[in-house]
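Fair warning: this is a prediction, and the values are worked out from it, not measured in the lab.
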Amino acid sequence: QITLKESGPTLVKPTQTLTLTCTCSGFSLSTGGVGLSWIRQTPGKALEWLALIYWDDDRRYSPSLKTRLTITKDTSKNQVVLTMTNMDPVDTATYYCAHSSSLTTGPLPAYWGQGTLVTVSS
Amino acid sequence: QSVLTQPPSASGTPGQRITISCSGSSSNIGSSYVSWYQQLPGTAPNLLIYKNNQRPSGVPDRFSGSKSGTSASLAISGLRSEDEADYYCATWGDSLSGPVFGGGTKLTVL
């Protein structure tokens, strides 16, 4: 079955760069139609899409955060990495990675990781 | 402020049928599929409905989805106490080139 697990620091200081890793199992990142998104949920519970990388390495970013985000994948490790620069306390949130497949469940996230809480504080 | 509009709260009694609405525009719901997610306290969102009205295996048929124009709805029939959760709608945002979400609806089972 498809599982995803996020990993990374739980606490970062303002202005630092956050690096999160999503380790995937049960599917291959190189399978046609597969996409892997990063989505965050603020303490107020709003969900915000951040970035998406497709099986063919096509990448999409939220326009409001594009200058701060980089998404990459390592198909040999079946991992996706998100980096976010210049972290601010307003970036405090639970960060999720989520799988989509245009060939099955469609373009929207289907399987989600458990999430990782990132707090930005000095 | 979320791109898609959902009522912040909904409630019902056990056995009742309730619906949760999700309103968007021609550049999101009007031109793409809608998904619905259930989020129990302290857990990640879980897919309930995809492609407007399809249920993943394991999701009870008490849950159903529909879409009309620029709006969508999630219906839950035979309401149970374990349905108490937050529910989110999502669709593709053309201008975003990525998913957009509703603000979530907190369902209380009285």
Toward chain A, the part of [X] with a non-hydrogen atom under 4.5 Å:
{"X": "B:Val100", "value": "neither"}
{"X": "B:Asn46", "value": "neither"}
{"X": "B:Tyr33", "value": "both"}

Once rounded to the nearest 0.5 Å, what's the spacing between atom [atom1] of [X] and atom [atom2] of [Y]?
{"X": "B:Gln39", "Y": "A:Gln41", "atom1": "CD", "atom2": "CD", "answer": "4.0 Å"}
{"X": "A:Trp112", "Y": "B:Thr43", "atom1": "CH2", "atom2": "OG1", "answer": "11.0 Å"}
{"X": "A:Thr105", "Y": "B:Ile49", "atom1": "OG1", "atom2": "CD1", "answer": "12.5 Å"}
{"X": "B:Tyr37", "Y": "A:Leu108", "atom1": "OH", "atom2": "CG", "answer": "5.0 Å"}

Report whether [X] and [Y] are members of the same hydrophobic cluster (ILVMFWY, side-chain heavy atoms less than 4.5 Å apart, transitive linking).
{"X": "A:Met87", "Y": "A:Val81", "answer": "no"}
{"X": "B:Trp36", "Y": "B:Leu40", "answer": "no"}
{"X": "A:Leu36", "Y": "A:Ile2", "answer": "yes"}
{"X": "B:Leu79", "Y": "B:Phe63", "answer": "yes"}

If one checks every heavy atom of A:Tyr61 against chain B at 4.5 Å, the contacting part turns out to be backbone
The interface call for A:Ile39 against chain B, heavy-atom contacts under 4.5 Å, is side chain
Closest approach of [X] to [Y] (non-hydrogen atoms, all atoms of both residues):
{"X": "A:Thr104", "Y": "B:Lys51", "value": "O-NZ, 3.1 Å"}
{"X": "A:Pro109", "Y": "B:Pro99", "value": "CD-CG, 3.9 Å"}
{"X": "A:Ala110", "Y": "B:Leu47", "value": "O-CB, 3.6 Å"}
{"X": "B:Trp92", "Y": "A:Leu52", "value": "CH2-CD2, 3.6 Å"}

Open item on the list: Within the supplied structure, the quantity of interest is the number of heavy atoms (other residues, nucleotides, ligands) at a distance under 6.0 Å from B:Arg80 CZ; does it exceed 12?
Closed with: no
Exceeds 12 heavy-atom contacts within 6.0 angstrom, atom OH of A:Tyr95: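 Yes, OH of A:Tyr95 has more than 12 neighbouring heavy atoms, counting only those of other groups under 6.0 Å.
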Exercise. Do A:Trp49 and B:Leu96 have side chains that get closer than 4.5 Å, going by heavy atoms?
Worked result: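 Counting from C-beta outward, A:Trp49 and B:Leu96 do come under 4.5 Å.
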Note: vs chain A, highest number of non-hydrogen pairs under 4.5 angstrom among B:Ala90, B:Pro45, B:Ser95 is B:Pro45
